[in-house]
Amino acid sequence: MKPSTGPHNNYWRSLEELADTPQFREFLAREFPQAASEFPTGISRRRWLQVMGASLALGTLAGCRWEKETIVPLAKRPANRTPGNPQRFATTLEVAGGARPLLVTSLDGRPLKVEGNPNHPDSRGGTDAFSQAAVLELYDPDRGSRVRQREVGTDYTRTWEQFIDWFAKQAGNDGAGVAVLATPSSSPTRLQLRKQFEKRFPQARWFEHTSLDNRNEQLGIIEAFGKPYRPRLLLDKAAVIACFDADPLGNHPGSVTYARDYVAGRDVDNGRMNRLYAVEANYSTTGVAADHRLPLASSQIDSFLASLEARVQKLLEETKDGKKPALPSGPMPEASDVVARRERFLDVLAADLVEHAGESLVVVGPQQPAHVHARAHRINSRLGNIGKTIEFWEADVDSQAGTIEELADAAGNGDISTLLVLDGNPVYDAPAELNFGQVVLNIKGSAYLGLYENETAQACQWYLPQAHGLESWGDALSEQGIYSVAQPLIDPLFDGKSQIELLALLIGDERTSGRDLVRRTWAARQGNASDRAWRRLVHDGFAEDSRPAAADVKLEALASLEVPADDSGAAWRKADIATDKVEVVFLGSNSVYDGRYANLSWLQELPDRLTKVTWGNAALVGPATAAALKVSQGQNLRVELNGASVDVPVYLLPGMARGTVGLVLGYGRTAAGHVGGSEALGIETVGVNVAPLRTRSTWYIAPEAKATAVRTRAATLATTQDHQAIDTVGLEAIGHRIGQLVREGTFDDYRRFLEEHYPNHPALKAAAAVPAGTIAHEANVVPVAAKSDDAHKHDDAHHGDGHGEHHATFPPQEHHHPPLFSLWEEVSYEGQAWGMSIDLNKCLGCNACMVACQAENNVPVVGKEQVEMGREMHWLRIDRYFSGDTEEPQVVTQPVTCHHCENAPCEQVCPVAATVHSNEGLNDMAYNRCIGTRYCANNCPYKVRRFNFFDFRAHDPRLQQANDDLTSLLLNPEVTVRMRGVMEKCTYCVQRIQNAKIAARREGRPLGPEEIVTACQQACATKAIEFGDLNRPESKVAQAHRNPRAYAMLEELNIKPRTRYLARIRNPHPALIDGEAAAAGSHHA
Amino acid sequence: MAASHDSSSPAHGQPVPAQPETDGNGAALHGSGDGHDGSGANWEFPRWTNRVVAVLAGVVGVTVLYGVAVAYIATEPRTVNVGYSPKQPLPFSHKTHAGKLRLDCRYCHNTVERSAHAAIPPTQTCGNCHSGTQGDGTVPYASVLADSPRLALVRESLATGKSIPWVRVHDLPDFAYFDHSAHVNRGVGCVSCHGRVDRMDQVYQAQPLSMAWCLDCHRDPTPHLRPLDAITQMDWVPERDPVEVGREVHQQLNIKTSTNCSTCHR
C-alpha cells in the first residue's frame, strides 16, 4: 500500500509506514500495540520514576480521616512574601553554551518554573527546552552534595576551608604547575577573576574546553576580518537566507532570538515572506523550516560554497547595471539525477542571493572548517550584506585560552602538578587521542567543581559541589552582547559554590560572595555604583543600552581562498555512495546537548526533534546509504574510526546526506546518576557513547570512516513517532488524509487565493508594492485590523452554529463534507470561550513547549520500556510528517494537545462523568472521579489522552526518603498530582485560567485579552501558540481563528475543536519546484 | 417385603397402594420429623429449619444494610469532619483573642484577601504582643504574659527562628483547590464556613466542608452573602431578611458562582 497522492504531496510519518510493514499495520490497528496490556518485564532495571507504588499503608481505620497535615509558617515572614502567591525574578542562566535571559517563578521561596524574560531583547519571552529543564537539574538528588577528597582509594568528606588550604599549599606563591581547565563562558566577572587569578599565580595556566565548541566560527572570523569579532545575525532583515550546515534556528546559543527574528520575516498575514535555503548533512531544525533543503555531505559543502561564490561573482558582474540575474531554464531535474539537482540548486540560489543583495545572508555552521566561514563572510561582503543582515560586535574582553591538547601536552611533560577543572566533563568528552582520563589520573593533585560526581569527578582527587545557576549570582553576555545578570532564587541546596566564588576564595579576594563580585564587575563596566542602579539591574535582569554597537569590519585579502573558475571536478559533484567507507558527522543531541543533561529525565524522555527517539541515541543513516551498507532500521552498525569502534543502532532518517552517518553525542554516560546511567550504582547507561571515535582532527566531520552492519544485539530504539497514530478512514487514504491534518501551501498559491476570495486582505496590499517572494519593507506593512469585516464572508468566531458553512480557507480542500448537524443539543457560549490557535508557519518543532508543559503540570516520566509501548505521558506532542522523495523530503511539524472539543467524544463515553464540559468551553478533568475505564482515550480522535498505568509518584526503594522530599519541591502545587489509574490530558493550563479569573474578580476588573498565557504559549520562542477568549474579537486568538489559513483538524467529525491551526506557507523559488517550468512563471520575475 | 416403588400413578377409582414404611435394610424411607431415622445415616434438616433460614437471611440482609449504612454515615464528611478538633502544639485560644479581645480575623490571617490561603500568621505576629522578656531583663509594656510557660514555644520560635508546627483543622483533599480571596472579597463571611471561631478555645471544624456542602452554596449563594464590611464580623445578624440582603449583594457584586468541575478541581 502506498499512500495515495493527493493534491498536496503524499505524507508519511516513517519509513515503516511507507513500506507498510506488518508491524506498522498492527501498530495502527491497536492503539496499544502487542502485549501492551501485559505486565512489564525487567522490573529491576526500571528507571526510578516508574516503580509501581505498593499501597503498603493499609493503615488503621482510626478516625477514617486522611493523614494529619501540619501548617508550618515562617517564624519571620519577609515583607514581600504572601504564602501561596508566586513571585517572579529575572535571572540569566548559561545553558547549552549560551546565556538565556529568564524570568523564574518562585513559590514560597523555591523556584518552580522557568520562562523567558519578556523585556530582554534577546528572548522577548521565549525559551528553549534546556532552560525549561533547569529546575529539574536544580532539584536533582543525584547532585553532588559534599566536598570530597580521595586519599589512598578512600573518599573523605572535607570542608571548603580544607580545600582552600590544600590548594594554597599546592599552588605555592606563584602557581607553578597549576592549570585550570574551564568551560568557555561569556561572564565578565569570571574573566575579571581569571585575570586576578593569573596575577596572583603568574605561573598558572588557563585552558578552556567544551564538547560542542564554535572554534571554527571564531577562527573563520579572525581569518576574514582580522579580529575576534562576534557575529550577530539579523534574520528579520533578510529576504533570502542560505544556511550551510548551520542551524541558527535550532541548535545555537542564540536560537531563541534567531527563531523569533526568522519568523518575523515570515509574517504571511502582512505580506512579508522571506526564503530559507538549507544545505546540510543532518536534518536540523533549520532544515525543517527551510523552503528548499539540499542534503549534502559536510565535506562537500566546502566546494559547494566555492562554486556558489563563483556563480555569485559572475552574476554580480552581469547585473551591475540593474538587470535581473538570469535563472536556469527548463524543468527541474528528476529526483534520481542528484548532481543535476545540486547544480540547479546552486544556480537558483546564486540568482536569488544576487537579486536580493543587501537583503540576503549566507551562514555557515560550527562544524565546517574555518576557511569555509571565511568564504561565507567574503560572499556576504560582496553582496553587501555586512551591516545589513549580519553585523559584528567587538567583545571588549580578551578571552584567549589554551586548548585541552596543550594541557594534555604539558601534563605529559610533567609540568602540571595541580589541575582545577571548572565544570564541564572533559574526561567524558575530550578528544579521544588524548586519553584524558589517564592524563587526569596521572596528575598528582586534581580537583573538579561540578554539579554531579561524574566521570571527571571520579578521576579527580577532589570533588567540589557546584552551586546551580539558579542558586548563584553571576553575569553573562547574551548572544547579542547585552550584559545580563543572574541572581539566585534559592540558597545553595548542597553547600555548593559557583565558579566565581571559588576563584575568589582561591585568590584570597576580600569579597567572596557572588553578589559582591558581580556588583564590583558591573560597577567597573558601567561606572555607576549606586544602589538604585544596581537594584534596577537586578530587577530587570540586564543592563539596558548595553548592546554593543556594530563594528565597522574590513574584509581581509583572503588570497588563499580561491574562487574556482571551473567546477567540473568539484567534490560536490560526487553522488555515489561507497560501501566501504562513510562520512561520519558528530552531532549534538536535542535532548542532552553534549551529555551534561543526561540525568534529567524530562530531557531523556523528550523525543528528538526529527527522529522522535527517546532514551538513547542512534546512528542516523539515509535510506539510500542504508541500502548500500545493507543495514536496516534497528540493526547495529559498527562504526570504526580513528582506531576505535562502537556499535550503534541504526535509525533510517530520510533526508540524511548520501554516504553520511550521523552520530549523536552525549550518551553512554557511566556516571550520570540514577537516570542517565551509573556504573557505581548499577544503573544501565542510556544510549551509546560515541566519544571514543572522536579525535580533534575529526572533531565534527570524519570523511573516512568504516561502517558495517553487524548482528550484535542492538539496543532497542524507543521512538514516539508511530504512537498516537490518527487513524482516519482506512489505511488506504492515510497519505491523502494527512494532507488535511497538517496543511501547507506555497506563498504564491496563497496570494492567488487571497486575490480571489479576500481581495481586501492586508497581505495583498503590502505584497503588491514589492516583487513577489520578497519581504515588504517597513513602510508598506499594514497590521491586520481588529475588525476585518470585508475580509471574509462569514464570521466564525462564535461556535454556536455548526451547520457546515465555512468561509473559504487556504489551502482549499478537496474533501468537502455535507452540512454538519449534531445529535446533541448545541450550546451557545456567552461569556468566556477559551480557544487556542497554533500557527504551523511559525512552529519549528523545537520541543520547548513540551518541556514547559511537563514542568508546569507535573507530568510524569515513564522510562524507556513504557515509551516503547506507547505510554509516554506528554500532554503535548509534536507530530512530524515527511513528504516528498525519501532522499530529499520536506518535513512539517504539528503540536497536538487536547483540543477541548465542544462536542467532545471523550465526554460522551465516560461512565462516571469524570470528564465534563465547563460553561466556558473547557474539557474539565476531575481526576478523583476517574475509574480508569480508558474509553475516553479510545474515543478521542486526536489521541491526546494519557493514562497513568503506574503510580509514577511512588517512592523508589533505591532512594532514600530524603530524595523524595527534595524532588517533591519540584512539583507545581497548583496542579493535582495524579495517581495510578487516572486519565489526564492537557487542560489549557486551567490553573492559570482560574488564578487569572480570581485575580480579576478580586480586583474588580475585567480580564485583559492577552492576560492568560498557557505554559506552552509562554515557552514558544516564535509565539506560534495563541490562547485566549474567542468571544472577544480583539483577542489574538479570535483573530487567528478568522484567518483564511485557519482550519480545524478533523473538522468533518463535527466535534468542534477549540484549537485551530494556521496552515504552513512555504515560499519556494519557482525555478526549484518539481515539475514546473522554471522561470517561466508569469506572475513574478 | 421388597416392594419396589411403583412410580406410576394409581388408576382412577382404585385405592392408593400403601407406601412401604421401611426399605429392605430396615431403614426408614420417610423422615419422621426430627431428623433421626433410627439407622444413624443420612442427616436431614428438620422442616422447621426452613423458616429459620429465611429469617436468618432476612436478619443477615438487614445487618449488612445496617453495616453499610453505619459505614456510610461514619465516613461521611458530616460525621468525620464536623467536630474534629486536634490538639495544637500550644493552647492558642481564639475565644480569648478573637472573642474577648475582639481582634479582627485579618489581624493575623492577613493574606486572606489577596491569596488562596488564609495563612497561619508567622510567630512575628504573636510576638507583637507576646515578645517576652527582653535581653536585658526588662519586660516591654506590650509584652503580655511574658513568663507564661504556655507561651514558651512562641518565645523559642522568636528567638531561634524555628517554626511552630500547627495542626491543620480545615483540610480539603489535595485535588480540591479552594481560594479564600475569591470568597472573602465577594461577600462570604468567615463564620459561614468556619463557624463561631470566636467562641472556640480549641478550634474545631464546624462545617463538613464536603463537596455537596460547597455546592449547596454555589448553586444558590444568596442566603449566605453579606455586605463586604461585615465579612469578619462573627456575630453579624442582618436587620432585614438575610436572603434579601444576600440578593442585594449578589447583584451589587455581580456574583456568578461557578459549578464547573475545573473551578475547584484543577
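Throughout, protein chains are lettered first and strands after them, A, B, ... in sequence-line order, and every chain is numbered starting at 1.
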For chain A, which of [options] has the most heavy-atom pairs under 4.5 Å?
options	answer
S181(B), A176(B), A116(B)	S181(B)
N185(B), T259(B), I120(B), I164(B)	I120(B)
L253(B), V184(B), V167(B), T160(B)	V167(B)

Verdict with reasoning, R266(B) to N972(A), per side chain to side chain donor-acceptor pair (under 3.5 Å)
CA-CA 12 Å; R266(B) 298 183 188 158; N972(A) 183 359; over 6 Å; no
Part of [X] lying under 4.5 Å from any heavy atom of chain A:
X	answer
P77(B)	neither
F175(B)	both
N254(B)	neither

For R1032(A), I'd like to know if atom CZ has over 12 heavy atoms of other residues, nucleotides or ligands within 6.0 Å.
yes
N923(A) side, atom CG; H917(A) side, atom NE2 - distance, nearest 0.5 Å
6.5 Å
Looking at [options], which one has more heavy-atom pairs under 4.5 Å with chain B than the rest?
options	result
I998(A), I71(A), V72(A), T70(A)	I71(A)
T915(A), N919(A), L922(A)	N919(A)
R929(A), Q991(A), Q994(A)	Q994(A)

Does this structure show an ion pair linking K1056(A) with E826(A), if we count only N-O contacts that are shorter than 4.0 Å?
yes
Quick test of your reading of the model: are K113(A) and E974(A) salt-bridged, counting only N-O distances below 4.0 Å?
no
Main-chain N/O of N948(A) paired to E984(A) side chain as donor or acceptor, under 3.5 Å
no
Within 45 degrees of the axis of the six-membered ring of F1027(A) and under 6.0 Å from its centre: does R992(A) put its NZ or CZ there?
no
K68(A) portion near chain B, given a 4.5 angstrom heavy-atom threshold:
side chain
